[in-house]
Amino acid sequence: MIAYLISGLRRTLCLSLLMLGSVRSMAQEAIDYSPDAPGATTGVDIMKQGKIDWETGIGLEWDRRNGEHARTFTINTSMFRLGLTPQAEVRLQIDECITHTPEGNFGGIANATIGTKIKVYEGGKVFPKVAFMGTMLIPGGSNAHYLPKHLGFQAHLLFENELSSKFTLGYDLGAEWNGDTESPDLFIGANLTYQPSERWSFFVESYNRYNSKRQDDWAKPGQDSHFNFMSEAGLAYKVSPRLYVNTFYDISFNEFSRYSNIGLGVAWLLN
């Protein structure tokens, strides 16, 4: 038993030294890397050709809107981005969740998507950078608790203006249809980012949805609404040119005291 323990400690020490050496070597490289996470809106930057990143994290959502009482723990959210060409990237995301309700517990794959982000316009002094993002929502089977029953699609136009050396304004316009509703949601988001130093960045954003059909899960019990108003704030810290850590917090303005979502994440340039 002691031999196994010593062997395990040696392996742990070796891995720690390798990680330390890796972080130090990463810090010496000049790398242009901008993760998408965190945030509900998406930035315009494209992965460099041939580069792959992994953006992962955990989260806890507390939801009592419209009379519900659910706590959902995201045990893993993973986004992989591959730079396909200098103008485009491929995106693959999969999330796993566990939900606790008074009626019982359930879990499984909560989100499975494949998509792309394409650079449209590089931007100028006045005009913003522009990118297009298209996403396909993969449906689940009859026993799936989170995934849509039918194939869904999302299409977004992404914009970004550099207001100064420290402030950036991004805005996100799109349409989202999960295949299960009669009409798509119109998505409207805006993000203000403050970067006081090379390592730290802070953001606040508003992201909202509109549907031509009133949705009962967007309002108080017994009511429905065309609009779903959400907000998020968070920060990111650059550990090295290849490694970022982040955290965020969401609220709902439809029922302010009945919804919150907090998460922690890591973004890592793999190659």
Side-chain angles (χ1 to χ4, degrees), residues 18-19 22-23 25-59 74-97 109-123 128-140 146-148 151-160 168 170 172-176 178 187 189 191 193 201 203 234 236-246 248 263-271:
L18 286 172
M19 287 291 293
S22 176
V23 169
S25 65
M26 288 187 295
Q28 295 174 355
E29 299 178 30
I31 298 172
D32 183 15
Y33 170 49
S34 178
D36 274 353
T41 60
T42 304
V44 299
D45 291 331
I46 307 295
M47 289 295 299
K48 298 297 182 183
Q49 186 174 8
K51 298 295 184 179
I52 303 172
D53 92 328
W54 175 32
E55 303 180 16
T56 185
I58 58 174
T74 301
I75 57 178
N76 173 52
T77 174
S78 286
M79 164 73 78
F80 294 92
R81 301 164 60 208
L82 165 65
L84 193 62
T85 73
Q87 307 297 323
E89 69 179 32
V90 174
R91 305 161 63 85
L92 175 65
Q93 181 167 354
I94 187 166
D95 301 342
E96 298 174 88
C97 292
I109 296 176
N111 188 29
T113 69
I114 185 170
T116 184
K117 186 162 59 168
I118 302 171
K119 184 186 297 183
V120 176
Y121 179 61
E122 189 64 38
K129 298 178 182 178
V130 184
F132 169 80
M133 183 174 67
T135 306
M136 181 173 63
L137 310 180
I138 300 172
Y146 306 99
L147 297 176
L151 192 66
F153 299 93
Q154 299 176 347
H156 288 243
L157 278 176
L158 315 172
F159 305 87
E160 184 179 286
T168 303
D172 181 339
L173 304 176
E176 302 181 349
N178 64 8
F187 181 96
N191 175 300
T193 298
S201 63
F203 77 92
Y237 178 73
K238 183 167 74 172
V239 179
S240 77
R242 291 179 180 266
L243 184 65
Y244 289 70
V245 294
N246 61 72
F248 63 87
L264 299 170
V266 176
W268 186 14
L269 182 62
L270 298 180
N271 66 336

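Positions are given from 1 along the sequence. Side chains included, hydrogens not; waters and symmetry mates left out as well; all remaining heavy atoms used. It should be emphasised that the depicted structure is a prediction, and the values quoted were computed from it without experimental measurement.
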### Query
With distance as the sole test, does Lys48 use its side chain to make a donor-acceptor pair with the main-chain N or O of Ile31 at under 3.5 Å?
no
### Query
In terms of side-chain heavy atoms, does Ser34 have a donor or acceptor partner in Asp45 at a distance below 3.5 Å?
yes
### Summary
Rounding to 0.5 Å, atoms OG1 (Thr116) and CG (Leu84) come to a distance of 7.0 Å
### Task
Over all heavy atoms of both residues, which pair between Ile109 and Ala112 is shortest? Give the atoms and the distance, please.
CG2-CB, 4.3 Å
### Partner set under side chain to side chain donor-acceptor pair (under 3.5 Å) for Lys51, not counting sequence neighbours
none
### Message
Restricting to non-hydrogen atoms, name the atom on Tyr33 and the atom on Pro241 that form the minimum distance, rounded to 0.1 Å.
### Response
CD2-O, 3.5 Å
### Pair Ile75-Ile58, side-chain contact (heavy atoms from CB on, under 4.5 Å): steps then yes or no
CA-CA 5 Å; Ile75 57 178; Ile58 58 174; 5.8 Å; no
### Message
How long is the straight-line distance from OG of Ser201 back to NZ of Lys238, given to the nearest 0.5 Å?
### Response
10.0 Å
### Query
Any chance the rings of Phe203 and Phe248 have centres within less than 6.0 Å?
no
### Query
For the side chain of Glu89 and the backbone of Arg81, is there at least one donor-acceptor N/O pair under 3.5 Å apart?
no
### Query
Hey, does the side chain of Thr56 reach the backbone of Thr77 with a donor-acceptor pair shorter than 3.5 angstrom?
yes
### Message
Pairing donors with acceptors under 3.5 angstrom, does anything connect the side chains of Tyr237 and Asn246?
### Response
no
### Query
Roughly how far apart are Lys129 NZ and Leu158 CG, rounded to 0.5 Å?
12.5 Å
### Query
Are Thr113 and Arg91 close enough, and set up right, to give a side-chain contact (heavy atoms from CB on, under 4.5 Å), and what steps lead you there?
CA-CA 8 Å; Thr113 69; Arg91 305 161 63 85; over 6 Å; no
### Message
Between Gln154 (side chain only) and Leu137 (backbone N and O only), is there a donor and an acceptor less than 3.5 Å apart?
### Response
no
### Query
Would you say Asn271's side chain and Gly50's backbone share a donor-acceptor pair under 3.5 angstrom?
yes
### Query
Could you give the distance from OG1 (Thr42) to CE (Met133), rounded to the nearest 0.5 Å?
3.5 Å
### Validation row, ring centre His156 to ring centre Phe187 under 6.0 Å
yes
#### Entry: Gap separating the OG1 atom of Thr135 from the CG atom of Asn111, nearest 0.5 angstrom
9.5 Å
### Task
Give, for atom CE of Met47 and atom CD1 of Ile52, the distance between the pair rounded to the nearest 0.5 Å.
8.0 Å
### Message
side-chain contact (heavy atoms from CB on, under 4.5 Å), that's the test. Do Asp36 and Glu55 meet it? Break it down for me.
### Response
CA-CA 8 Å; Asp36 274 353; Glu55 303 180 16; 3.7 Å; yes
### Query
Under a 4.5 Å cut-off applied to non-hydrogen side-chain atoms, are Leu270 and Asp53 in contact?
no
### Task
Describe, in one word, how the ring planes of Trp54 and Phe80 are oriented to each other, choosing from parallel (under 30°), tilted (30 to 60°) and perpendicular (over 60°).
parallel
### Task
Please answer whether the main-chain N or O of Ala131 pairs with a side-chain N or O of Lys117 as donor and acceptor at a distance below 3.5 Å.
no
### Query
After noting the C-alpha distance and the side-chain angles of Leu151 and Met136, does the key distance pass the side-chain contact (heavy atoms from CB on, under 4.5 Å) rule?
CA-CA 7 Å; Leu151 192 66; Met136 181 173 63; 3.6 Å; yes
### Task
Return the minimal non-hydrogen interatomic distance between Tyr146 and Ala110, and the atom names on each side.
CB-CA, 3.4 Å
## Note on the structure
Note: Ile118 and Ala88 closest approach over all heavy atoms is CG1-CB, 4.1 Å
### Query
Side chains of Asp95 and Thr74: donor-acceptor distance under 3.5 Å anywhere?
no
### Query
Just wondering, are more than 12 heavy atoms of other shown residues or ligands nearer than 6.0 Å to CG in Leu157?
yes
### Message
Can you confirm whether the side chains of Thr193 and Asn191 place a donor and an acceptor under 3.5 Å from each other?
### Response
yes
